[in-house]
Amino acid sequence: MSVTTQGSLGNAAVKTDQAAYAAIARAKRRDIIFSVGGLVVMAIAMTLLLTLIGDLVVRGLGRIDYDFLTNFPSRKAERAGILSAWVGSLLVMLVTALLAIPIGVAAGLYLEEYARKGWLANLIEINVANLAGVPSIIYGLLAVGMFVYGMNLGKTVLVAGMTLALLILPIVIVSTREAVRAIPKIIKEGAYGLGADQWQVMWNYILPAARPGILTGAIVGLSRAIGETAPIITIGALTFIAFLPPAPITGEFPFINFDWLNAPFTVLPIQMFNWVSRPQADFHTNAAATGVVLMALTLSLNGVAIWIRYRLRKGSRN
Amino acid sequence: MRNITLTAAAALVLPGFAMAQDAVQIDGSSTVYPVSEAFAEEFQIATGNRVVVGVSGTGGGFKKFCRGETSFSGASRPIKTSEAELCAENGIEFIEMPLAMDALAVIANPENTWATCMTVEELKKAYEPEAQGKINNWSQLNPEFPDHGLTLFGAGTDSGTYDYFTFAIVGEEGASRGDFTATEDDNITIQGVSTDVDAIGFLGLAYLEENRSRVKAVEISYQGGDCVAPTVEAAGDGSYQPLTRPLFIYANKAHLDEKPEVLAYAKFMFDPEHAQELVSETGYLALPKEAFVLAEEKIDARKTGSFFDGGSKIGVSVADLLAAN
């Protein structure tokens with residue numbers, strides 16, 4: 001690297017020193033113009049985002065208190081809360097994550113490492129990429145036909161989680177493949193060279209090295225899923241529900257209980273949507289407050305994922 | 001992965017979890033939703049029985065109701081013949097109970113000086129399908145109106161509000177021009193009309209009441225009659241026509257017989273002691289006490305079928321609804 005640079009500068013110096021300095025100055029100017037341009041674009045994007053968030057926070061933050069988080073919906077705006085909505089959102093996200101991440105990662109690894117490259121693999125690749133762009137309502141319609149009525153699962157937390165898992169599966173698959181593809185070939189070849197079989201390479205080298213990329217994909221997917229309204233409304237989520245699903249952890253043996261999967265539910269975006277479309281201004285304030293909670297929940301989910309990623313990275317180095 | 005599960009699960013161990021149990025299922029119109037919400041809330045407090053309410057719109061609600069999925073369906077128009085047939089096919093018998101009166105309001109910008117009163121014919125000219133692309137100036141509606149561009153807002157095509165407005169104004173349900181700003185959220189109509197002097201729109205009365213400072217009501221003259229402003233009182237005495245409409249609750253007869261909690265909810269909803277008060281709280285005009293007494297009798301007698309022969313009627317008064325019970 002340094003050799004070639006010196007060489008080309010040396011050539012320039014043979015012609016005239018001035019030309020060389022001018023070339024350097026031009027390159028620097030271009031750098032400055034580009035960085036200023038980039039800064040302006042970023043400033044515009046951030047201003048827009050912060051204005052939106054700021055507006056939401058200004059309207060809603062004052063409404064958030066302990067009662068708002070622990071009350072059920074009510075016809076009286078000042079008495080209404082979002083307990084059933086945030087618990088519903090969390091449970092649905094739990095199911096979504098447990099389904100979409102393992103399946104998506106496995107599918108991505110298979111496509112990238114095991115599947116034979118050919119027209120079939122290409123076809124699947126194109127389809128997966130296309131699925132990522134399908135409007136979410138289509139997934140809702142598919143789910144209502146297949147899960148709710150076809151498989152007779154009802155309008156439950158499980159079905160909502162399955163629907164959203166389908167929705168974000170392409171995102172997880174694509175990001176897994178990208179992450180695997182970005183791993184230097186030397187790592188893989190080195191492992192094979194030392195006599196590891198394909199599973200060992202996959203489990204001990206590829207997966208740990210791809211984990212940051214995979215987790216980023218999962219975060220992007222879950223962040224999208226938590227804000228979805230259309231497919232959840234389509235499968236028949238409720239608007240007024242003043243009780244919680246049964247607890248996943250109980251005091252008696254076997255301590256874990258799966259009844260909550262079959263419980264009716266609502267989620268934060270639906271509660272927000274309902275309040276926004278009400279005539280009374282007090283409900284609009286509630287909607288803004290719900291928006292703030294939804295954002296906080298998304299950020300903390302991301303925070304958890306980043307923390308896990310950090311822990312894993314430390315672990316894989318030891 | 002196990003980490004995530006445990007952290008999330010631990011966060012969910014909160015007081016308030018109870019055993020799963022059958023809840024009373026209600027769905028239907030978003031217009032009736034605030035009323036159902038009020039009853040559901042109070043019923044749950046009073047009896048401890050669970051009630052859940054969904055919002056699928058009047059039509060979407062009937063689809064679920066006629067599949068036997070829900071026990072009650074809220075409707076901002078009477079059940080259609082096609083919907084009643086679907087119910088019959090599935091062996092679902094229903095009891096129809098009017099609950100409240102609602103009015104649709106036509107609104108204009110407060111600085112609009114000319115549109116204080118409009119006839120049904122003028123409104124029809126503005127919204128009918130033939131107006132598409134042609135009627136775009138106030139002077140086309142009435143030569144006395146100024147030469148101003150015309151901007152139209154209104155409820156979205158999936159709503160009962162749109163169905164009833166087109167039925168009452170254009171004369172055919174679901175027939176309107178396609179090039180007006182149709183929105184499922186009436187607050188958008190308020191926003192649009194409040195920022196455009198030349199705009200009019202239509203929406204539920206409750207939205208007008210909450211936004212009197214931003215938009216004004218247009219009085220309506222029906223069949224050459226006097227100009228009447230949309231108010232709860234005018235809706236009640238039947239003078240605000242043709243944009244007054246009844247709101248209904250439909251109950252599944254078999255569920256009333258088989259599920260005690262469903263019967264208890266029906267009785268609670270039409271208990272003359274508190275029903276009126278709860279309906280009024282939500283901004284609609286409750287029917288007189290007598291109507292709730294009659295509805296109770298109708299539930300006891302399990303009198304099924306629709307009074308409306310599969311369609312909306314104009315000029316339905318409180319007295320007619322009493323007769324229906």
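Numbered from 1 within each chain, the chains take letters A, B, ... in sequence-line order.
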Engineer: Quick one: are A:I241 and B:R50 in side-chain contact, heavy atoms under 4.5 Å?
Structural biologist: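 A:I241 does not reach B:R50 side chain to side chain.
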Engineer: Counting only heavy atoms closer than 4.5 Å, note whether B:L208 contacts chain A via side chain, backbone, both or neither.
Structural biologist: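 Contact with chain A involves no heavy atom of B:L208 at all.
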Engineer: Can you check whether A:T239 reaches B:V55 side chain to side chain, under 4.5 Å on heavy atoms?
Structural biologist: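 Of all side-chain heavy-atom pairs linking B:V55 with A:T239, at least one is under 4.5 Å.
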Engineer: Quick check against the 3.5 Å criterion: does B:D186 have a side-chain atom that pairs as donor or acceptor with the backbone of A:S277?
Structural biologist: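 Pair absent, no side-chain N/O of B:D186 close to backbone of A:S277.
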Engineer: Using salt bridge (Lys or Arg N to Asp or Glu O under 4.0 Å) as the criterion, list what pairs up with B:K216, not counting sequence neighbours.
Structural biologist: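 Not a single residue meets the salt bridge (Lys or Arg N to Asp or Glu O under 4.0 Å) criterion with B:K216.
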Engineer: Atom CD of residue position B:E281 - does it have more than 12 heavy atoms of other residues, nucleotides or ligands inside 6.0 Å?
Structural biologist: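 Above 12, so yes.
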Engineer: For a quick test of reading the model, state the closest non-hydrogen atom pair linking B:A206 to A:P279 and the distance between them.
Structural biologist: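 Looking at all heavy atoms of both residues, the closest pair is O-CB, 3.7 Å.
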Engineer: If you compare all heavy atoms of A:R278 against all heavy atoms of B:Y207, which two are closest, and at what distance to 0.1 Å?
Structural biologist: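 Minimum heavy-atom contact is C-CE2, 3.8 Å.
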Engineer: Check this for me: B:K63, atom NZ, are more than 12 non-hydrogen atoms of other residues, nucleotides or ligands nearer than 6.0 Å?
Structural biologist: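 Check fails, neighbour count at 12 or below.
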Engineer: Above 12 or not: heavy atoms from other molecules or residues under 6.0 Å from CZ of A:F273?
Structural biologist: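 At most 12 heavy atoms, drawn from other residues, nucleotides or ligands, come within 6.0 Å of this atom.
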Engineer: Starting at CG of B:N49, measure out to CZ of A:F243 and round the result to the nearest 0.5 Å.
Structural biologist: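 One finds 11.0 Å between CG of B:N49 and CZ of A:F243.
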Engineer: Heavy-atom distance under 4.5 Å to chain A: side chain of B:E209, backbone, both or neither?
Structural biologist: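 It is neither, since no heavy atom gets under 4.5 Å.
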Engineer: Heavy-atom pairs under 4.5 Å with chain A are the metric here; pick the option from B:G54, B:S56, B:G60 that has the most.
Structural biologist: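 The residue among B:G54, B:S56, B:G60 with the greatest pair count is B:G54.
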Engineer: Sort A:A263 into side chain, backbone, both or neither according to what part of it lies under 4.5 angstrom from a heavy atom of chain B.
Structural biologist: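 The answer is neither part of A:A263.
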Engineer: Are there residues of residues 28-46 of chain B that reach to under 4.5 Å of chain A by heavy atoms, and which ones?
Structural biologist: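 At a heavy-atom separation under 4.5 Å, chain A is reached by B:Y33, B:P34, B:E37, B:A38, B:A40, B:E41, B:E42, B:Q44.
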Engineer: Report which part of A:Y149 has an atom under 4.5 Å of a heavy atom belonging to chain B: side chain, backbone, both, or neither.
Structural biologist: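 Interface part for A:Y149: side chain.
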Engineer: So A:V276 and B:D185, side-chain contact (heavy atoms from CB on, under 4.5 Å) or not? Walk me through it.
Structural biologist: CA-CA 8 Å; A:V276 162; B:D185 181 356; 3.7 Å; yes
Engineer: Would you mind checking which part of A:N274 comes under 4.5 Å of any heavy atom in chain B, side chain (CB onward), backbone (N, CA, C, O), both or neither?
Structural biologist: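 It is the side chain, since no backbone atom gets that close.
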Engineer: Taking the side chain as every heavy atom from C-beta outward, state whether A:K155 and B:Q25 have any pair of such atoms under 4.5 Å apart.
Structural biologist: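 SC-SC contact between A:K155 and B:Q25 ruled out.
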